[in-house]
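Let me begin by presenting the structure, written as structure tokens, before commenting on it.
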Amino acid sequence: MSPDRGRVVSPETLNGDGVALPLDRLPSAAREPRVTIPAAIATVVLFWWLATGVIVAVERNDTTRLIGVIVASWCAVLAGVIAGRVRHDVSPRGALAGFAAGALFWLWLSALFYAGAVVGPSVAVPPELGMAPSWPLAFRAIAATGFNDLLALAVIGGLYLLPGRNGMAWQTVGLFWAVQGLAKLNVFVGVVNAGVRFLPPRLAFLTAFFGPPHLTLLLPLSVLAASAIGIVWVRRARRSSRSYDRCRWALLSVLALLAAFEFAVLALPTELPLWDAFLRARGG
């Protein structure tokens, strides 16, 4: 009796001669998971919301803060393993895994920052500088978070130098870092809602670098730029012929559009209740 008799096979599992192929011999396109733009949106938004909330909540006390740093550090180790394994994988699965690696690295960097473990040198702000943006104050602001920025650049550089065709990991960390840098610049020159309540007490010194509570032209330009980039990347995702590129551009476009949303929130006179539960868990 033929080993294939009695086994139901679909037309996609047959080769040109009508012989059933095992799954591991199917063409890669037949095995690739279908990643839709709505699925990409859900993946990125869920990570963005949950990671932000957890990082805020673990600042409740020294014990939870230490646990958060330890867990985030293990996440960074896992991210490194994932990035290494999928560096040659240019499939939707590889794009998703690369995004996961980059997101976990960013989670680690953010956890170190909010815990006060890797921030920057202690920088004194002379009273005569005041709140008005100036070059001397800008240099002090850059130095105040400089260690974390240098570590982020080191992670981006290390991921970029990984040999392989899948650059999703470094692109994800790089986009997170660029968005954060633009947000810090907006807060420095002045916004209505700087999100002070998200800063734990150990980072309260950073408010010395917050600009006046009013809007400047930079904020609407930031919203427009992030929105435009996100829309362009959505179009690329829809038009790309390669499934890897469709997934990659879809994920990055959601990050860019979320950045536009975050910039817009800086202009709101009230706080959004998106992370209130996490803030209550922190006790602030």
Side-chain angles (χ1 to χ4, degrees), residues 48 51-52 55-56 58-59 65 68-69 72 105-157 172-226 229 255-256 258-269 271-272 275 279 282 284:
W48 167 78
T52 302
I55 289 172
V56 169
V58 297
E59 293 303 309
R65 183 180 302 113
V69 169
F105 269 124
W106 187 252
L107 175 69
W108 174 59
L109 291 165
S110 299
L112 292 178
F113 177 78
Y114 276 88
V118 181
V119 182
S122 178
V123 179
V125 180
E128 60 269 18
L129 290 181
M131 292 181 61
S134 62
W135 283 113
L137 189 62
F139 291 136
R140 286 174 169 81
I142 293 171
T145 60
F147 294 161
N148 197 267
D149 287 324
L150 289 175
L151 182 58
L153 289 173
V155 170
I156 296 168
T172 300
V173 183
L175 184 55
F176 270 118
W177 180 75
V179 167
Q180 184 195 64
L182 186 54
K184 288 194 293 188
L185 180 59
N186 273 284
V187 171
F188 176 76
V189 299
V191 295
V192 172
N193 178 11
V196 176
R197 66 176 183 154
F198 288 93
L199 287 178
R202 64 182 56 241
L203 296 182
F205 71 94
L206 293 177
T207 58
F209 306 106
F210 286 16
H214 61 68
L215 296 182
T216 66
L217 184 60
L218 179 62
L219 188 58
L221 289 178
S222 299
V223 174
L224 289 174
I229 292 172
L255 278 183
L258 277 175
F261 171 75
E262 285 190 335
F263 294 148
V265 169
L266 297 176
L268 297 178
E271 298 278 1
L272 295 181
W275 294 280
L279 288 166
R282 188 187 70 180

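- Using a distance-only test at 3.5 Å, with no hydrogens or angles considered, no donor-acceptor pair links the side chain of S110 to the main chain of L107.
- A donor-acceptor contact closer than 3.5 angstrom links the side chains of W48 and E262.
- Applying the side chain to side chain contact (heavy atoms under 4.5 Å, CB included) test between E271 and each of V265, L279, V196, N193 identifies N193 as the sole match.
- The CD1 atom of I55 sits 9.5 Å away from the CH2 atom of W106 when rounded to the nearest 0.5 Å.
- A pairwise comparison of heavy atoms in R197 and L272 identifies NH2-O, 3.1 Å as the closest pair.
- Taking the side chain as every heavy atom from C-beta outward, L203 and P200 approach each other to under 4.5 Å.
- Minimum heavy-atom separation, A72 to A111: CB-CB, 3.6 Å.
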- Evaluate the side-chain contact (heavy atoms from CB on, under 4.5 Å) criterion for residues L137 and F188: first the C-alpha distance (whole Å), next the side-chain angles of each, then the deciding distance (0.1 Å), finally the verdict. CA-CA 9 Å; L137 189 62; F188 176 76; 3.7 Å; yes
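- For the pair F209 and T145, the minimum side-chain heavy-atom distance is 4.5 Å or more.
- Residues L219 and F263 have side chains in contact (heavy-atom distance under 4.5 Å, counting atoms from C-beta outward).
- The minimum heavy-atom distance between V187 and A194, with the atom names listed, is CG1-CB, 4.2 Å.
- Looking at heavy atoms from C-beta onward, W108 lies in side-chain contact with L151 at the 4.5 angstrom threshold.
- Atom CD1 of residue I156 and atom CG of residue D149 lie 9.5 Å apart, to the nearest 0.5 angstrom.
- Nearest approach of P220 to T216, heavy atoms of both residues: CD-O, 3.1 Å.
- The closest side-chain heavy-atom distance from V69 to L112 is below 4.5 Å.
- Minimum heavy-atom separation, F198 to R282: O-NH1, 3.2 Å.
- Of all heavy-atom pairs spanning V119 and A144, the tightest one is CG1-O, 3.2 Å.
- Atom-to-atom distance recorded for Y114:OH and N148:CG is 10.0 Å, nearest 0.5 angstrom.
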- Query: Stepwise, does the side-chain contact (heavy atoms from CB on, under 4.5 Å) test hold for W177 with V155?
  - Reply: CA-CA 11 Å; W177 180 75; V155 170; over 6 Å; no
